[in-house]
> 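The structure is given below, and queries will be raised subsequently.
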Amino acid sequence: MGLELFKKVPNLRVLACGGDGTVGWVLSVIDQIGISPAPAVGVLPLGTGNDLARALGWGGGYTDEPISKILSNISQSDIVNLDRWSLDVEKNKDAPPPASNEPVGKESLPLNVVNNYYSLGVDAHIALEFHEAREAHPEKFNSRLRNKMFYGQMGGKDLLKRKWKDLADFVILECDGQNITQKLKELRVHAIVFLNISSQVRKGAYYLGKVSLQEQCEQFEAIMLEASEVSRATTNLFTEKAKLPEEKNANV
């Protein structure tokens with residue numbers, strides 16, 4: 001593997017070419033092989049959402065910019081820190097067993113490291129459906145436009161079925177010791193999204209890190225919270241200096 005070959009190179013920088021999933025995979029591999037110090041990682045946005053690339057100033061998609069220019073920008077880019085969160089999930093022993101016609105939940109998470117965000121409800125459901133469909137038929141998901149159309153189609157189905165309208169009835173949510181479950185019920189949220197980066201694009205909605213919690217709920221039926229009591233580790237990434245405003249540089 002390339003990272004193994006170059007892990008002892010001083011001042012190593014890595015360019016991850018792909019979407020958020022590819023970046024997460026690269027960061028996990030860096031964890032596994034124990035590169036010390038961990039190299040800074042940049043992003044060439046080739047995925048569907050490209051949320052991390054957008055937050056770091058690399059843009060929402062590759063625009064045929066010459067590779068030589070991209071590599072030159074990488075060598076001059078500033079390094080910033082990204083908090084990475086460890087997510088612990090435990091089975092609710094008091095929950096009643098599912099009915100015979102209900103799907104059975106999985107006992108463990110496929111990945112317990114959070115880089116961008118994690119969510120509950122319709123947002124997570126659509127992401128899971130997309131992942132499983134792409135795993136089953138990768139040849140059908142070979143363009144960014146087609147992938148976005150899939151998200152739009154699934155979002156439209158939920159708009160009609162409103163399958164997740166009762167999400168708040170199954171959730172108890174505390175933030176910094178404050179129980180805000182009642183607020184979820186009042187707003188009848190369909191999704192709860194915990195953001196670790198300054199923005200998220202999903203289903204045509206754009207979640208901004210500087211918009212108030214109330215505005216987020218009213219506009220997108222989503223919750224944005226800053227998690228506070230989870231273990232985390234800091235990873236170096238680098239930003240496109242020419243494209244990244246100073247205020248965003250401080251937030252990533």
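Atom set for the values below is all heavy atoms of this structure, side chains included, hydrogens, waters and symmetry mates excluded. What you are looking at is a predicted structure, and each value in this text was computed from that prediction instead of being measured.
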> Closer than 3.5 angstrom, by distance alone: can the side chain of Arg54 be matched with the main-chain N or O of Gly61 as a donor-acceptor pair?
no
> Check the hydrophobic clustering (I, L, V, M, F, W, Y; side-chain heavy atoms under 4.5 Å; chains of links allowed) and say if Leu71 and Leu3 are grouped together.
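Yes, because Leu71 and Leu3 connect within a single hydrophobic cluster, where side-chain heavy atoms sit under 4.5 Å apart.
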> With a sphere of 6.0 Å drawn around CD of Glu139, does it hold more than 12 non-hydrogen atoms of other residues, nucleotides or ligands?
yes
> Are Val41 and Trp25 connected into the same hydrophobic cluster when the rule is that any two of I, L, V, M, F, W, Y join if their side-chain heavy atoms are below 4.5 Å apart?
yes
> If you round to the nearest 0.5 Å, how far is SG of Cys17 from CD1 of Ile70?
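SG of Cys17 is found 8.0 Å from CD1 of Ile70.
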> Does the side chain of Lys185 come within less than 4.5 Å of Asp169's, by heavy atoms?
yes
> Begin from the C-alpha positions of Leu167 and Leu184 and carry the test side chain to side chain contact (heavy atoms under 4.5 Å, CB included) through to its verdict.
CA-CA 9 Å; Leu167 174 64; Leu184 301 184; over 6 Å; no
> For Val89, what residues pass the side-chain contact (heavy atoms from CB on, under 4.5 Å) criterion, not counting sequence neighbours?
Leu87, Leu109
> Could you tell me which non-hydrogen atom of Gly60 sits nearest to which non-hydrogen atom of Pro45, and how far apart they are?
C-CB, 4.3 Å
> Between Asp51 and Tyr117, is any side-chain donor less than 3.5 angstrom from a side-chain acceptor?
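Their side chains do contain a donor-acceptor pair, which is all the 3.5 Å distance test asks for.
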> Under 4.5 Å between side-chain heavy atoms, hopping through other hydrophobics if needed: is there a path connecting Val14 to Ile67?
yes
> Any donor-acceptor pair under 3.5 Å linking the side chain of Arg13 with the backbone of Gly42?
no
> Answer yes if Val122 and Leu128 sit in the same cluster of Ile, Leu, Val, Met, Phe, Trp and Tyr residues linked by side chain heavy atoms under 4.5 Å apart, and no otherwise.
no
> Please list, chain by chain and in numerical order, all residues satisfying ring pair (Phe, Tyr, Trp, His ring centres under 6.0 Å) with Phe150, sequence neighbours excluded.
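Ring pair (Phe, Tyr, Trp, His ring centres under 6.0 Å) check on Phe150 returns Phe130, Phe141.
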> Asn179: what forms a side-chain contact (heavy atoms from CB on, under 4.5 Å) with it, not counting sequence neighbours?
Ile172, Glu174, Thr181
> Run Arg84 and Asp31 through salt bridge (Lys or Arg N to Asp or Glu O under 4.0 Å) and show every step you take.
CA-CA 11 Å; Arg84 300 173 66 217; Asp31 292 339; 2.8 Å; yes
> Considering non-hydrogen atoms only, spot the tightest contact between Phe194 and Ile192 and give its length.
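Smallest heavy-atom distance, with atoms named: CE1-CG2, 3.5 Å.
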> Answer whether the closest heavy-atom distance between the side chains of Ile30 and Pro39 falls below 4.5 Å.
yes
> Check whether more than 12 heavy atoms from other residues, nucleotides or ligands sit under 6.0 Å from atom NZ of Lys165, and answer yes or no.
no
> Might you work through the side chain to side chain contact (heavy atoms under 4.5 Å, CB included) test for Lys8 and Ile35, ending with a clear yes or no?
CA-CA 8 Å; Lys8 294 185 179 180; Ile35 301 180; over 6 Å; no
> Test of understanding: with salt bridge (charged side-chain N to carboxylate O under 4.0 Å, His left out), list the residues that count as partners of Glu186, not counting sequence neighbours.
Lys183
> Would you indicate whether the side-chain heavy atoms of Asn196 and Asn115 approach each other to under 4.5 Å?
no
> CD1/Ile74 to NZ/Lys69 distance, rounded to the nearest 0.5 angstrom?
13.0 Å
> List the residues meeting side-chain contact (heavy atoms from CB on, under 4.5 Å) with Lys163, not counting sequence neighbours, and say none if there are none.
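Counting only residues at least two positions away or on another chain, Lys163 forms a side-chain contact (heavy atoms from CB on, under 4.5 Å) with His125, Asp158.
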> Just grab all the side chain to side chain donor-acceptor pair (under 3.5 Å) pairs involving residues 15-24, residues at least two apart or on different chains.
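Found Asp20-Asn116.
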> Between Val43 and Asn50, is there a side-chain heavy-atom distance shorter than 4.5 Å?
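No - every pair of side-chain heavy atoms lies 4.5 Å or more apart.
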> Can you confirm whether Leu27 sits close enough to Val113 that some side-chain heavy atom of one is under 4.5 Å from a side-chain heavy atom of the other?
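No, their side chains stay 4.5 Å or more apart.
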> Same cluster or not: are Phe170 and Leu173 linked, directly or through other Ile, Leu, Val, Met, Phe, Trp or Tyr residues, by side-chain heavy atoms under 4.5 angstrom apart?
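Phe170 does not cluster with Leu173.
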> Side chains of Ser77 and Trp58, heavy atoms from C-beta outward: is any pair under 4.5 Å?
yes
